[in-house]
> 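My structure is below; once you've seen it, I'll send some questions.
Numbering of residues begins at 1 and proceeds along the displayed sequence. Only a predicted model underlies this, so the values are computations on that prediction, with no experimental measurement involved. Side chains are part of it too, since the values below use all heavy atoms of this structure and drop only hydrogens, waters and symmetry mates.
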Amino acid sequence: MEAAKLQVVEDADMHEGMLRKFLKNAASGFAQTFKSAWSKVLGLFEANDRIVLIDKDTPAPRVPFIKLHEAGHGSIPHQSKMYAIIHDCEKTLDPDTTDLFEREANVFASEVLFQGPVFLQEASQMTFNVKTPISLARKFGASNYSTFRRYVTTNPHACCVVVLNPFTLEIDGTFHPELRRIIPSTTFHNIFDCLHLFAAIDHVHVIAPAIPLGNKRMTAPKEVILMDRNGQQHLCLAEGFNTKHQVFVLIRDTGAFTTVGIIVPSHYAVS
């Protein structure tokens, strides 16, 4: 933030009245906001005075990413130049450009937070399992969500993480969690149709045994069979982690496949 020459104000009370007042009094007449999924403003970047406000209710693990997201708006050359033009002519960005700038700022924040290739170097020296991104999240000062996302999208393995919203376990043992997001590695996406595989997850879904239930935080790796885009069955390993705010199910293709319902053990060569 010092390198970006940004003044950071943490613990700001980002209620509607305060935001209106800030936006009205902003010297540039232009500010960029970072919103949560519920349209709650968590961070705000004022372009002319180079001030970043972080809402007091922002979960601590998300603060570093939001700071860097706002720094991206003020550091990416074409964005900072565009903001200067907007200030001079008192115009606003069109929705498509705003969306592009937001995605660019997210990429900027991710690259800085995970130190470019350093994260992959660290991850490649560790065993592939659900505990690795949890450990890396603490080391890099990132949220579990952003770390799981980075872990999967930069991973050479065919893997994915299925993110579920918190759910209730019914008395009869059934559950129907809401799917929040599916994040596959490029290789996994090329092999499997993720939207089809994980369209509706419940207690009888193939990955259900890997979903932590009750007070359980993690599950040990479970063998599951997934069908690829060509109708071939693959033996995969799935394990879960419940943060209480969301549930992660990490899945990796073992490279083995099944025929006529028989699982081919990983130590046998497949001809």
Side-chain angles (χ1 to χ4, degrees), residues 1-15 18-19 21-123 133 136-151 153-154 183:
M1 302 308 283
E2 289 180 4
K5 296 181 173 60
L6 289 170
Q7 177 185 350
V8 180
V9 179
E10 296 195 48
D11 297 325
D13 187 4
M14 307 274 270
H15 56 78
M18 177 268 175
L19 288 173
K21 182 178 179 180
F22 180 85
L23 294 173
K24 181 178 179 180
N25 295 333
S28 67
F30 176 83
Q32 182 65 43
T33 59
F34 183 104
K35 295 184 178 181
S36 72
W38 300 275
S39 296
K40 162 72 173 175
V41 176
L42 301 179
L44 188 148
F45 166 60
E46 197 285 301
N48 192 58
D49 292 335
R50 300 188 68 76
I51 297 174
V52 170
L53 299 182
I54 305 296
D55 184 71
K56 62 181 179 61
D57 295 326
T58 302
R62 296 196 65 187
V63 170
F65 185 90
I66 293 174
K67 283 184 179 179
L68 293 172
H69 173 99
E70 303 301 349
H73 289 307
S75 302
I76 298 173
H78 61 269
Q79 288 202 23
S80 59
K81 290 177 182 178
M82 179 66 75
Y83 293 152
I85 293 173
I86 290 173
H87 171 227
D88 291 340
C89 67
E90 297 183 351
K91 298 293 184 181
T92 58
L93 292 174
D94 66 75
D96 289 341
T97 302
T98 297
D99 181 65
L100 173 62
F101 278 16
E102 285 301 296
R103 287 185 281 115
E104 289 177 342
N106 280 341
V107 172
F108 177 94
S110 181
E111 289 302 309
V112 176
L113 185 61
F114 294 112
Q115 298 295 291
V118 175
F119 178 88
L120 179 57
Q121 293 167 6
E122 294 276 349
L136 291 170
R138 292 193 294 266
K139 184 167 187 176
F140 284 83
S143 67
N144 283 311
Y145 177 81
S146 60
T147 307
F148 267 88
R149 183 185 186 93
R150 185 80 174 192
Y151 185 62
T153 57
T154 61
I183 306 169

> Holding to side chain to side chain contact (heavy atoms under 4.5 Å, CB included), I want the full list of residues that pass it with Q7, two or more places apart in sequence or in another chain.
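With sequence neighbours excluded, Q7 shows a side chain to side chain contact (heavy atoms under 4.5 Å, CB included) to V9, I51, given in chain and number order.
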
> Can you tell me how far NZ of K5 sits from OG of S75, rounded to the nearest 0.5 angstrom?
9.5 Å

> In Å and rounded to the nearest 0.5 Å, what is the NZ to CZ distance from K67 to R62?
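With rounding to 0.5 Å, NZ (K67) is 14.5 Å from CZ (R62).
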
> Applying side chain to side chain donor-acceptor pair (under 3.5 Å), name anything that partners S146, two or more places apart in sequence or on another chain.
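Once residues adjacent in sequence are excluded, the partners of S146 under the side chain to side chain donor-acceptor pair (under 3.5 Å) criterion are S143.
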
> How far apart are the closest heavy atoms of P133 and T147, and which atoms are they?
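Scanning both residues completely, I find the closest heavy atoms to be O-CG2, 3.2 Å.
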
> Considering only heavy atoms from C-beta outward, does the side chain of Y145 approach that of I183 to under 4.5 Å?
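They are in side-chain contact.
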
> Under the salt bridge (Lys or Arg N to Asp or Glu O under 4.0 Å) test, which residues partner E122, sequence neighbours left out?
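Expected list: K139.
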
> Can you classify the ring geometry of F140 versus F114 as parallel (below 30°), tilted (30 to 60°) or perpendicular (above 60°)?
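Ring orientation of F140 relative to F114: tilted.
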
> Calculate, to the nearest 0.5 Å, the distance between atoms CG and CG belonging to L136 and N144 respectively.
10.5 Å

> Looking at T58, V52, D55, which hits side-chain contact (heavy atoms from CB on, under 4.5 Å) with I66?
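Result: among T58, V52, D55, T58 is the only option passing the side-chain contact (heavy atoms from CB on, under 4.5 Å) with I66.
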
> Who pairs with F108 by ring pair (Phe, Tyr, Trp, His ring centres under 6.0 Å), at least two apart in sequence or on another chain?
none

> What pairs of residues pass the side-chain hydrogen bond (donor to acceptor under 3.5 Å, both in side chains) test when at least one of them lies in residues 111-121, not counting sequence neighbours?
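Matches after skipping sequence neighbours: E111-R150.
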
> Just checking, is any N or O donor in the side chain of E102 or H73 under 3.5 Å from an acceptor N or O on the other one?
yes

> To the nearest 0.5 Å, what is the distance between OG1 (T97) and CZ (F101)?
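Answer for the OG1-CZ pair, T97 versus F101, is 6.0 Å.
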
> Less than 4.5 Å apart, side chain to side chain, heavy atoms only: is that true for E70 and L6?
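Heavy-atom side-chain distance check fails, nothing below 4.5 Å.
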
> Specify the closest pair of heavy atoms between S110 and F65, including all atoms of both residues, with the distance to one decimal.
N-CE1, 3.9 Å

> Using the test side chain to side chain contact (heavy atoms under 4.5 Å, CB included), find all partners of P64 that sit at least two apart in sequence or belong to another chain.
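Side chain to side chain contact (heavy atoms under 4.5 Å, CB included) check on P64 returns L113.
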
